[in-house]
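Order of listing sets the numbers, starting from 1, for every ligand and every atom in it.
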Amino acid sequence: MRWNGWGDPDRATRLPDSVVGLLRELLGVRPDPVPSVPLAEVAPPPPAPAVRALTEIVGPGGVLTDDETRIRHTRGKSTPDLLRLRAGDASAAPDAVVLPAGHEEVLAVLDRCSRERVAVVPFGGGTSVVGGLTAAGDGFAGVVALDLRRLDRITALDAVARTATLQAGLRAPRAEALLAEHGFTLGHYPQSYEWATIGGFAATRSSGQASAGYGRFDEMVAALTVATPRGTLTLGRAPKSAAGPDLRELVLGSEGAFGVITDVTARIRPLPETRRYEGWRFPTFAEGTAAVRALAQDGPLPTVLRLSDETETMIGLARPGEIGAASGDGCLAVCGYEGRREDVAARRAGTHAVLTACGGEPLGDAPGESWAAGRFSAPYLRDALLDAGAFAETLETAAFWSAVPRLADAVRLTLSRELPSSLVMCHISHVYRDGASLYFTVVTAQGDDPVGRWRRAKAAVSDAIIGAGGTITHHHGVGTDHRDRLADEIGPLGVEILRAVKDRLDPAGVLNPGVLIPPAAG
Ligand SMILES: Cc1cc2nc3c(=O)[nH]c(=O)nc-3n(C[C@H](O)[C@H](O)[C@H](O)COP(=O)(O)OP(=O)(O)OC[C@H]3O[C@@H](n4cnc5c(N)ncnc54)[C@H](O)[C@@H]3O)c2cc1C
């Protein structure tokens with residue numbers, strides 16, 4: 001992973017000249033962008049001594065305090081995170097990176113850190129885009145990033161129930177490779193797939209590109225094991241239960257504030273016999289939205305279902321591998337089908353009938369296969385945009401269908417007002433019977449103080465989202481970025497409930513302080 005960008009450095013990409021020209025002409029991007037500070041010149045503050053005692057639990061090789069490792073565990077992968085690192089700011093670096101080898105070691109680390117008042121940031125793939133890895137270390141004797149990479153095995157697989165117990169630090173591609181050896185898949189493909197982990201997916205309620213077919217990650221979770229400063233929580237005795245409120249739901253989305261998820265028993269599916277992705281064109285986003293809603297509500301449902309708006313279609317971001325190539329007008333929808341051959345054939349035929357009746361024009365396999373080939377490329381494109389002096393960031397929300405058009409307009413208008421000379425693009429990324437998630441990408445010139453400008457724009461957009469009836473986040477999570485909006489989402493009493501749970505599970509308050517739960521007033 002690039003320390004100041006995304007992904008495999010060998011896959012770094014360059015923007016076509018046509019796109020660079022467009023950025024300069026249309027958005028006023030300056031031709032002389034400030035380059036990133038080299039890694040060797042970034043100096044995090046000296047590590048606090050309190051963290052060294054953790055070697056008694058995890059061994060000397062399990063506590064890393066070298067600068068590079070600490071820098072690589074500083075913040076996550078939002079654009080402001082990357083811009084701060086590119087500017088050489090590693091002031092938020094943890095004092096140490098701790099690598100437990102199993103659940104018992106996690107318990108022991110949490111116990112020791114609670115007694116020594118050392119803050120603990122659970123660290124999976126480090127792909128958070130909402131400040132979920134930036135703990136408030138003030139008042140603590142130190143901050144450690146608890147990197148779960150050593151918890152990387154499948155410990156059980158029940159082919160009859162179709163469940164597998166996956167350790168939390170397993171990265172998604174390895175989880176898929178291990179499951180594939182047994183003929184199974186999770187089917188969870190977020191855009192961060194290459195780096196994100198099983199524990200991170202559960203802790204943030206992640207949603208993958210194939211959610212129409214496989215569901216969100218939280219729907220895949222049958223059971224969890226959680227290490228807390230108060231001991232172990234083992235949740236999920238049966239697929240469903242009437243034994244009171246479902247505490248699995250309390251852990252899903254808890255973003256490391258209640259405990260460390262050490263394994264997840266996930267619902268798995270047989271590997272698909274076949275996969276097929278196709279493109280459709282709709283004259284307008286409104287007509288495309290109506291078509292996608294028809295599928296979501298009355299079926300049949302493809303495995304992948306996405307609809308780009310006119311701007312995203314025109315720019316070609318719907319197919320990141322072909323950015324800059326002419327994409328035509330209207331709105332591109334991608335429909336993907338995965339599963340048994342006859343099931344794919346039936347769903348595909350049914351989908352064709354619905355989309356045709358809704359005014360869609362079939363574009364064949366090429367746009368769909370092109371989307372599939374480039375489905376994890378967009379984050380590499382962001383690095384190229386940053387290198388070129390542009391600012392690119394994303395945000396997401398969801399609402400009931402009746403509010404979706406209003407919500408889309410409100411976010412577009414607010415972003416365009418707050419960031420004049422910007423490109424604002426949107427797609428429907430996940431669908432449900434009752435609503436959909438909208439995913440926005442904004443590209444503008446970095447200019448002066450890009451992080452401050454984005455913070456102000458994001459605050460205005462958050463107001464617009466709440467005002468238009470949307471959720472503050474559909475799948476990125478709360479982190480620190482959305483924390484102060486949590487009361488808008490669940491009300492002050494809801495926040496009090498979460499605070500009470502945290503107080504009970506984490507009495508010393510060492511787990512990811514400042515993330516998810518707003519501080520109590522006064
Ligand atoms: C380029 C890019 C594309 C993305 N695309 C998507 C997408 O398509 N869909 C989507 O849902 N998200 C997406 N994300 C967001 C991110 O990948 C997800 O939030 C992901 O679920 C985080 O997994 P991770 O392993 O990287 O967790 P991290 O980023 O390491 O951690 C995320 C949060 O969970 C906590 N945490 C991590 N592991 C554990 C654990 N075992 N126990 C308790 N707490 C834990 C952390 O403390 C932190 O608060 C994207 C991010 C990037 C940078």
Side-chain angles (χ1 to χ4, degrees), residues 1-2 5-7 72-73 75-79 81-82 94 100 103 106 110 119-135 143-149 151 166-172 175 188-211 216-218 224-228 233 251-264 306 320 375-383 392-396 427 429-430 437 439 441 473-483 506 511-517:
M1 173 73 96
R2 274 181 68 169
W6 178 254
R72 287 181 178 278
H73 289 77
R75 303 196 182 93
K77 295 290 178 188
S78 71
T79 300
D81 289 338
L82 300 185
H103 180 81
V106 175
L110 294 182
V120 180
V121 182
F123 195 99
T127 67
S128 168
V129 282
V130 290
L133 299 164
T134 318
V143 177
V144 297
L146 192 73
D147 187 323
L148 296 157
R149 71 176 69 169
L151 279 71
L166 311 167
Q167 287 190 314
L170 261 177
R171 271 169 44 191
H188 187 64
Y189 300 105
Q191 205 176 49
S192 52
Y193 170 79
E194 291 162 292
W195 299 91
T197 62
I198 296 300
F201 293 148
T204 60
R205 291 185 179 272
S206 170
S207 195
Q209 293 165 343
S211 64
R216 291 162 59 92
F217 193 81
D218 48 17
L224 302 130
T225 311
V226 189
T228 81
L233 264 176
V251 174
L252 294 166
S254 62
E255 301 187 25
F258 295 164
V260 179
I261 299 162
T262 53
D263 68 41
V264 170
R306 315 159 56 85
R375 64 196 290 182
F376 305 127
S377 310
Y380 293 93
L381 211 53
R382 175 176 60 166
D383 287 343
E393 184 57 303
T394 63
L395 61 92
E396 39 76 53
H427 66 257
S429 54
H430 308 273
S437 161
Y439 188 92
T441 304
T473 174
H474 168 264
H475 57 267
H476 283 168
V478 175
T480 47
D481 292 5
H482 298 139
R483 183 194 64 189
D506 176 24
L511 274 165
N512 233 355
V515 168
L516 180 67
I517 300 172

Novice: To check your reading of the model: name the closest protein heavy atom to atom 43 (C) of ligand 1, its residue, and the distance in Å.
Specialist: Gly259 O, 3.4 Å

Novice: What is the closest protein heavy atom to atom 49 (O) of ligand 1, and at what distance does it sit?
Specialist: Gly132 O, 2.8 Å

Novice: Polar-atom distance check: Thr197 versus ligand 1, any N or O pair below 3.5 Å?
Specialist: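 Indeed, backbone or side chain, Thr197 has an N or O that close.
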
Novice: Could you list the atoms of ligand 1 found under 4.0 angstrom from a heavy atom of Phe201?
Specialist: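 Reading through ligand 1 atom by atom, the close ones are 21 (O).
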
Novice: In the protein, what heavy atom is nearest to atom 10 (C) of ligand 1, and what distance, to one decimal place, separates them?
Specialist: His475 CD2, 3.3 Å

Novice: Do ligand 1 and Gly124 have nitrogen or oxygen atoms that lie under 3.5 Å from each other?
Specialist: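 Among all N and O atoms of Gly124, at least one is under 3.5 Å from an N or O of ligand 1.
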
Novice: Working to the nearest 0.5 angstrom, can you tell me the gap between Ser206 OG and Leu252 CG?
Specialist: 11.5 Å

Novice: Ser192 to ligand 1: N or O pair under 3.5 Å?
Specialist: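 Between Ser192 and ligand 1, an N or O pair is found under 3.5 Å apart.
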
Novice: Within ligand 1, which atoms have a heavy atom of Leu148 less than 4.0 Å away?
Specialist: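 Going through ligand 1 atom by atom, the ones under 4.0 Å from Leu148 are 40 (C), 41 (N).
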
Novice: For ligand 1, indicate whether the residue Val129 contacts it via side chain, backbone, both or neither (heavy-atom separation under 4.0 Å).
Specialist: side chain

Novice: How far is atom 38 (N) of ligand 1 from the closest protein heavy atom, and which atom is that?
Specialist: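 The closest heavy atom on the protein side is Gly200 N, 3.6 Å.
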
Novice: How are the rings of Phe201 and His188 set relative to one another: parallel (under 30°), tilted (30 to 60°) or perpendicular (over 60°)?
Specialist: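 Answer is perpendicular, since the angle exceeds 60°.
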
Novice: Please examine the side chains of Arg382 and Glu393, heavy atoms only from C-beta on, and report whether any two atoms are closer than 4.5 Å.
Specialist: yes

Novice: Side chains of Leu146 and Pro100: closer than 4.5 Å at any heavy-atom pair?
Specialist: yes

Novice: Can you pull out the closest protein heavy atom to atom 7 (C) of ligand 1? Residue, atom name and distance to 0.1 Å, please.
Specialist: Pro190 CB, 3.3 Å

Novice: Just go through Leu224, Asp147, Thr204, Thr127 and tell me whose heavy atom is the nearest to atom 19 (O) of ligand 1.
Specialist: Thr204

Novice: Between Asp481 and His476, is any pair of side-chain heavy atoms under 4.5 Å apart?
Specialist: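 No, too far: nothing below the 4.5 Å cut-off.
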
Novice: Does some side-chain heavy atom of Leu151 sit less than 4.5 Å from a side-chain heavy atom of Ile198?
Specialist: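 Heavy-atom side-chain distance check fails, nothing below 4.5 Å.
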
Novice: For Gly125 and ligand 1, does the shortest N/O to N/O distance drop below 3.5 Å?
Specialist: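 Yes, at least one N or O pair falls under 3.5 Å.
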
Novice: Using the six-membered ring wherever Trp is involved, compare the ring planes of Tyr189 and Phe376 and label them parallel, tilted or perpendicular (cut-offs 30° and 60°).
Specialist: tilted

Novice: Give yes if a backbone or side-chain nitrogen or oxygen of Val260 is under 3.5 Å from a nitrogen or oxygen of ligand 1, and no if not.
Specialist: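 N/O-N/O distance under 3.5 Å: no.
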
Novice: Could you tell me whether the side chain of Val515 reaches within less than 4.5 Å of the side chain of Arg483, counting heavy atoms only?
Specialist: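 A side-chain contact is absent here, since even the closest heavy-atom pair is not under 4.5 Å.
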
Novice: Only heavy atoms of Gly256, strictly under 4.0 Å: list the atoms of ligand 1 that pass.
Specialist: 43 (C), 44 (N)

Novice: Please work out whether any backbone atom (N, CA, C, O) or any side-chain heavy atom from C-beta onward of Leu516 is under 4.0 Å from ligand 1, and answer side chain, backbone, both or neither.
Specialist: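 The answer is neither; Leu516 stays 4.0 Å or more away.
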
Novice: Checking the N or O distance criterion of under 3.5 Å, is ligand 1 in contact with Phe123?
Specialist: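 Phe123 vs ligand 1: no N/O contact under 3.5 Å.
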
Novice: I need the nearest protein heavy-atom contact for atom 42 (N) of ligand 1: residue, atom name and distance, please.
Specialist: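 Protein heavy atom at minimum distance: Ile261 N, 2.9 Å.
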
Novice: Among all protein heavy atoms, pick the one closest to atom 28 (P) of ligand 1 and tell me residue, atom and distance.
Specialist: Gly126 N, 3.7 Å

Novice: Taking the side chain as C-beta and beyond, is there a heavy-atom pair between Leu110 and Leu511 under 4.5 Å?
Specialist: yes

Novice: Just so I know, are the side chains of His430 and Arg216 near enough to count as touching, which here means a heavy-atom distance under 4.5 Å?
Specialist: no

Novice: Can you list the steps and then say if Ser429 with Glu396 is a side chain to side chain contact (heavy atoms under 4.5 Å, CB included)?
Specialist: CA-CA 9 Å; Ser429 54; Glu396 39 76 53; 5.8 Å; no

Novice: Please report the shortest heavy-atom distance between Val106 and Ala227, naming the atom on each side.
Specialist: CG1-CB, 3.6 Å

Novice: Please work out whether any backbone atom (N, CA, C, O) or any side-chain heavy atom from C-beta onward of Pro122 is under 4.0 Å from ligand 1, and answer side chain, backbone, both or neither.
Specialist: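 The answer is both, backbone and side chain.
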
Novice: Answer yes or no: is there a donor N or O on one side and an acceptor on the other, between the side chain of Arg72 and the main chain of Met1, under 3.5 Å?
Specialist: yes

Novice: With backbone taken as N, CA, C and O and side chain as the heavy atoms from C-beta onward, which portion of Trp195 lies under 4.0 Å from ligand 1: side chain, backbone, both, or neither?
Specialist: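 No part of Trp195 comes within reach of ligand 1.
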
Novice: Going by heavy atoms, is Ser207 under 4.0 Å from ligand 1?
Specialist: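 So Ser207 counts as touching ligand 1.
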
Novice: Between Asn512 and ligand 1, does any nitrogen or oxygen pair lie at a separation below 3.5 Å?
Specialist: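 Right, the criterion is met.
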
Novice: Is there a side-chain contact between Tyr439 and Gln191 in this structure, where contact means two heavy atoms from C-beta onward sitting under 4.5 Å apart?
Specialist: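 A side-chain contact under 4.5 Å exists here.
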
Novice: Which ligand 1 atoms are under 4.0 Å away from a heavy-atom of Ala168?
Specialist: 41 (N)

Novice: To the nearest 0.5 Å, what is the distance between CG (Leu133) and CG (Asn512)?
Specialist: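 Here the interatomic distance stands at 7.0 Å.
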
Novice: Could you tell me which atoms of ligand 1, counted from 1 in the order shown, lie closer than 4.0 angstrom to a heavy atom of Lys77?
Specialist: 53 (C)

Novice: Could you give me the CA-CA distance, side-chain angles and deciding distance for Val260 and Leu148, then say whether side chain to side chain contact (heavy atoms under 4.5 Å, CB included) is met?
Specialist: CA-CA 9 Å; Val260 179; Leu148 296 157; 3.9 Å; yes

Novice: Specify the protein heavy atom at minimum distance from atom 29 (O) of ligand 1: its residue, its atom name, and the distance to 0.1 Å.
Specialist: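 Of the protein heavy atoms, Ser128 N, 2.7 Å lies nearest.
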
Novice: Would you mind listing which atoms of ligand 1 come within a distance below 4.0 Å of any non-hydrogen atom of Pro379?
Specialist: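 Near Pro379, the atoms of ligand 1 are 1 (C).
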
